[in-house]
Amino acid sequence: MADEKKLTSRAEDFSAWYNEVVLRAELADYSPVRGCMVIRPEGYGIWERMQRALDDAFKATGHRNAYFPLLIPESFLHKEAQHVEGFAPETAVVTHGGGKKLDEPLVIRPTSETIIYAMFAKWVQSYRDLPLLINQWANVVRWEMRTRLFLRTLEFLWQEGHTAHATHDEAEAETRRMLGVYRDFMEEWAAMPVVTGQKTESEKFAGALRTYACEGMMQDNKALQAGTSHNLGQNFAKAFDLTFQTENGETAFAWNTSWGVSTRLIGGLVMTHGDDKGLKVPPLLAPTEVVIVPIWRTDADKARVLEAADRIRRSLGDWERREPNQLRVHLDARDSMKPGAKYYEWELRGVPVRMEIGPRDLDQNQAVLVRRDTGAKTPVSLDTLGEDVEQLLERIQDAMLETARERREQNSVRHRISYAEFRELMDGQGAFVYAGWCGDAACEAQVKEETKATIRVLPDEEFQSAEAPTTCLCCGEAAKVEALWAKAY
Ligand SMILES: [Zn+2]
């Protein structure tokens, strides 16, 4: 069987390893359309768990969901100068409908600022209508030339939050609040530690005043921009005449924010946690938290073991019809496969805990729990199985975050580094390098040109080095700020 072939190791070829994991763990598949992907149930199950957690967090911070059209009049995109410059090269345009050429071409949304703020302009009259806090779950299309499953595809799924506020400061607070929501989600649910901070002018969103981002480190030491939050200022409000009457009776333009995360997070999860056996899914996002693999040799044993395994499954939770407090448990009762082949398959799919149970375990009133993250095996009594499994899942969730954080710190450089050393590092194993920047876009461009590394963010205070760098990584002039430099996806 082709599937029995070992995965390419991460050390051998990280990129090939990634593609093999995504395909063989059945997260996604290539589609008949170049650059598009099919998200398969294993991958979509992770996305559904991500959606649920994020949606709860958005609602807890006062946002409501709405839905706007997929098609946007082309003229809308042209109303905000930077926005059109940033997105026009990668839009897909519908020119015909119902067999006729359209009077005005329609753009398939690459993002929805333009159509959403055109609608906000209709709905907002007075300061009493503000803040307006909307989120949309949707698909978007960006005509990318080089695509990778989950990381960069022509069409992807995401959420985009869009808000309108009466003042700059309220919009800024919202932008930062949602960055914090993303960071909490990435760390607490995806076990993916991120560095937060502001993007430079050249890396900010097309049409934004300021962009903030969460940057995770993948196992090849490259950064993945996992979520962004933008203070749009009044740029879109001016373009779409989004005004309101202030408390003093004056007319003013509203202040907007937008923020998004996408199915890219699934790629981030693969590259943060996976190993040479395949995927490792953090328990909170795992569609299946526990897989029970029954072991038998004789028919008599089989009946007895399967009966016990099914009883355990029902007591822990039902995979198909689960209640909120139940665990997501699957019993792999296939008799066409040996236990070893099942272990291999569930490890590849990244299920956090495997429970092995055979006749000898039953004789001792126990089952064996095997952690996917460390491979550690622990026998546990059937009398306390529920609690033991739950505690183990919590420990795995915490350990995965800790492991990822340690790896990131080990591969971060905070000491003084010469530009020559930096170039060598970026040519080789890569790293997160915290170094000074003079603030000149020319230095930023030169580093990008020569090393492919970019300023990921100007890190927030808690991520800054104890001793602030004094000189620019590139030109050696006095540093204005500390920057996090890395190669990125
Ligand atoms: Zn410089």
Side-chain angles (χ1 to χ4, degrees), residues 28-41 43-44 47-48 51 55 63-124 132 134-164 205-208 228 230 232 235-243 254 256-264:
D29 205 346
Y30 296 110
S31 86
V33 181
R34 181 200 69 86
C36 291
M37 67 173 167
V38 176
I39 305 176
R40 301 184 69 179
Y44 204 81
W47 180 237
E48 282 177 315
Q51 279 187 304
D55 202 63
H63 304 84
R64 294 196 297 167
N65 288 329
Y67 187 78
F68 295 82
L70 170 76
L71 300 172
I72 299 176
E74 196 177 40
S75 59
F76 277 36
L77 218 62
H78 290 271
K79 287 191 179 181
E80 211 291 325
Q82 292 174 29
H83 193 64
V84 69
E85 202 187 307
F87 282 101
E90 52 186 44
T91 51
V93 183
V94 178
T95 55
H96 289 72
K100 285 192 192 131
K101 190 164 187 289
L102 302 176
D103 291 337
E104 182 183 354
L106 299 168
V107 168
I108 300 179
R109 63 180 163 221
T111 178
S112 303
E113 274 75 9
T114 57
I115 197 156
I116 288 181
Y117 299 130
M119 296 309 297
F120 277 19
K122 271 176 77 174
W123 301 337
V124 172
L132 182 53
I134 297 287
N135 176 63
Q136 156 166 275
W137 289 98
N139 57 341
V140 289
V141 168
R142 296 178 185 177
W143 215 261
E144 303 280 0
M145 287 304 143
R146 299 187 53 177
T147 58
R148 298 281 309 276
L149 292 168
F150 288 115
L151 301 174
R152 202 172 287 279
T153 48
L154 252 62
E155 180 191 5
F156 58 87
L157 303 182
W158 78 345
Q159 59 71 218
E160 47 181 321
H162 292 275
T163 66
F205 177 75
T228 49
H230 318 290
L232 301 174
N235 293 341
F236 288 91
K238 286 177 180 162
F240 291 92
D241 203 25
L242 169 49
T243 58
N256 297 116
T257 82
S258 68
W259 26 274
V261 296
S262 72
T263 37
R264 184 170 228 229

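Residues take their numbers from the sequence shown, with the count starting at 1.
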Participant: side-chain contact (heavy atoms from CB on, under 4.5 Å) with Ile72: which of Thr114, Leu106, Thr91, Val94?
Facilitator: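 The side-chain contact (heavy atoms from CB on, under 4.5 Å) with Ile72 is passed solely by Thr114 among Thr114, Leu106, Thr91, Val94.
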Participant: Would Ile108 and Val93 count as a side-chain contact (heavy atoms from CB on, under 4.5 Å) if you check the C-alpha gap in whole Å, the side-chain angles of each, and the deciding distance to 0.1 Å?
Facilitator: CA-CA 6 Å; Ile108 300 179; Val93 183; over 6 Å; no
Participant: Roughly how far, to the nearest 0.5 Å, is CE of Met119 from OG of Ser112?
Facilitator: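 Going from OG on Ser112 over to CE on Met119, the span is 12.5 Å.
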Participant: Identify the two heavy atoms, one from Phe150 and one from Thr263, that lie closest to each other, and give their separation to 0.1 Å.
Facilitator: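 Looks like CD2-O, 3.5 Å.
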Participant: Between the main-chain N or O of Leu157 and the side-chain N or O of Asn139, is there a donor-acceptor pair closer than 3.5 Å?
Facilitator: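 Not at all, since once roles are kept as given, no pair shorter than 3.5 Å links the two residues.
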Participant: So that I know where these two stand, are Phe76 and Tyr117 an aromatic pair - ring centroids less than 6.0 Å apart?
Facilitator: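 Not close enough - the centres of the two rings lie 6.0 Å or further apart.
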Participant: Do you see a donor-acceptor pair shorter than 3.5 Å between the side chains of His83 and Glu85?
Facilitator: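 His83 vs Glu85: no donor-acceptor pair found between side chains.
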Participant: Counting distance only, does the side-chain N/O of Arg142 pair as donor-acceptor with the main-chain N or O of Glu90 below 3.5 Å?
Facilitator: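 Between the backbone of Glu90 and the side chain of Arg142 there is no qualifying donor-acceptor contact (under 3.5 Å).
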Participant: Taking the side chain as C-beta and beyond, is there a heavy-atom pair between Ile39 and Trp47 under 4.5 Å?
Facilitator: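 No, every pair of side-chain atoms sits at 4.5 Å or beyond.
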Participant: Side chain of Arg34, backbone of Met145: donor and acceptor closer than 3.5 Å?
Facilitator: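 At least one qualifying donor-acceptor pair exists.
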Participant: Yes or no on side-chain contact (heavy atoms from CB on, under 4.5 Å) for Val140 and Glu160, after CA distance, side-chain angles and deciding distance?
Facilitator: CA-CA 10 Å; Val140 289; Glu160 47 181 321; 4.3 Å; yes
Participant: Between Leu70 and Tyr67, which heavy-atom pair has the shortest distance, and what is it?
Facilitator: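 For Leu70 and Tyr67, the tightest heavy-atom pair comes out as N-OH, 4.4 Å.
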Participant: Please give me the minimum heavy-atom distance between Phe240 and Ala121, naming the atom from each residue.
Facilitator: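 In terms of heavy atoms, the two residues are closest at O-CB, 3.3 Å.
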Participant: Would Glu104 and Ser75 count as having a side-chain donor-acceptor pair, cut-off 3.5 Å?
Facilitator: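 Side-chain D/A pair, Glu104 to Ser75: present.
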Participant: Considering only heavy atoms from C-beta outward, does the side chain of Phe156 approach that of Val141 to under 4.5 Å?
Facilitator: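 Sidechains of Val141 and Phe156: no contact.
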Participant: A side-chain contact here means heavy atoms from C-beta on lying under 4.5 Å apart; do Leu132 and Trp123 qualify?
Facilitator: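 SC-SC contact between Leu132 and Trp123 confirmed.
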Participant: Report yes or no: does Glu80 contribute a side-chain atom to a donor-acceptor pair with the main-chain N or O of Gln82 at less than 3.5 Å?
Facilitator: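 Flag set: sc Glu80 to bb Gln82 pair under 3.5 Å.
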Participant: Using the side-chain contact (heavy atoms from CB on, under 4.5 Å) rule, take Thr147 and Leu154 through it: C-alpha gap first, then chi angles, then the decisive distance, then the call.
Facilitator: CA-CA 7 Å; Thr147 58; Leu154 252 62; 3.9 Å; yes
Participant: So which atom in Ser258 and which in Leu232 form the shortest heavy-atom distance, rounded to 0.1 Å?
Facilitator: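 For Ser258 versus Leu232, the nearest heavy atoms are OG-CD1, 3.8 Å.
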Participant: Do Thr257 and Thr163 pair up side chain to side chain, a donor and an acceptor below 3.5 Å, judged on atom types alone?
Facilitator: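 Looking only at side-chain atoms, Thr163 and Thr257 do form a donor-acceptor pair, the distance falling under 3.5 Å.
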Participant: Indicate the atoms forming the closest heavy-atom contact of Pro89 with Gly86, along with that distance.
Facilitator: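 For Pro89 versus Gly86, the nearest heavy atoms are CD-O, 3.9 Å.
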Participant: Got more than 12 heavy atoms from elsewhere within 6.0 Å of CH2, Trp143?
Facilitator: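 Result for CH2/Trp143: open.
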Participant: For the atom pair CG (Leu151) and CE (Met37), what is the distance rounded to the nearest 0.5 Å?
Facilitator: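 These two atoms lie 8.5 Å from each other.
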Participant: Does the side-chain contact (heavy atoms from CB on, under 4.5 Å) test come out yes or no for Phe205 and Glu113, once each step is laid out?
Facilitator: CA-CA 11 Å; Phe205 177 75; Glu113 274 75 9; 3.5 Å; yes
Participant: Please examine the side chains of Tyr30 and Leu149, heavy atoms only from C-beta on, and report whether any two atoms are closer than 4.5 Å.
Facilitator: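 Sidechains of Tyr30 and Leu149: in contact.
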Participant: Any idea which heavy atoms bring Arg152 and Arg146 closest together, and the distance?
Facilitator: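 Answer, listing the atom of Arg152 first, then Arg146: CD-O, 3.4 Å.
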Participant: Could you grab the distance from atom CD1 of Ile116 to atom OG1 of Thr111, nearest 0.5 Å is fine?
Facilitator: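 Rounded to the nearest 0.5 Å, the CD1-OG1 separation comes to 7.5 Å.
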Participant: Please check if the side chain of Arg40 supplies one atom and the backbone of Ala28 the other of a donor-acceptor pair under 3.5 Å.
Facilitator: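 Pair absent, no side-chain N/O of Arg40 close to backbone of Ala28.
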Participant: Whether the Trp137 and Asp55 side chains hold a donor-acceptor pair (N or O, under 3.5 Å, no angle test) is what I'd like checked.
Facilitator: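 Judged by distance alone, the side chains do pair up.
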Participant: Supply the atom-to-atom distance Thr153 OG1 to Glu144 CD, rounded to the nearest 0.5 angstrom.
Facilitator: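 Interatomic distance, Thr153 OG1 to Glu144 CD, rounded to 0.5 Å: 8.0 Å.
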Participant: Output yes when a side-chain donor or acceptor of Arg109 lies under 3.5 Å from a complementary backbone atom of Phe68, and no otherwise.
Facilitator: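 Answer holds: yes.
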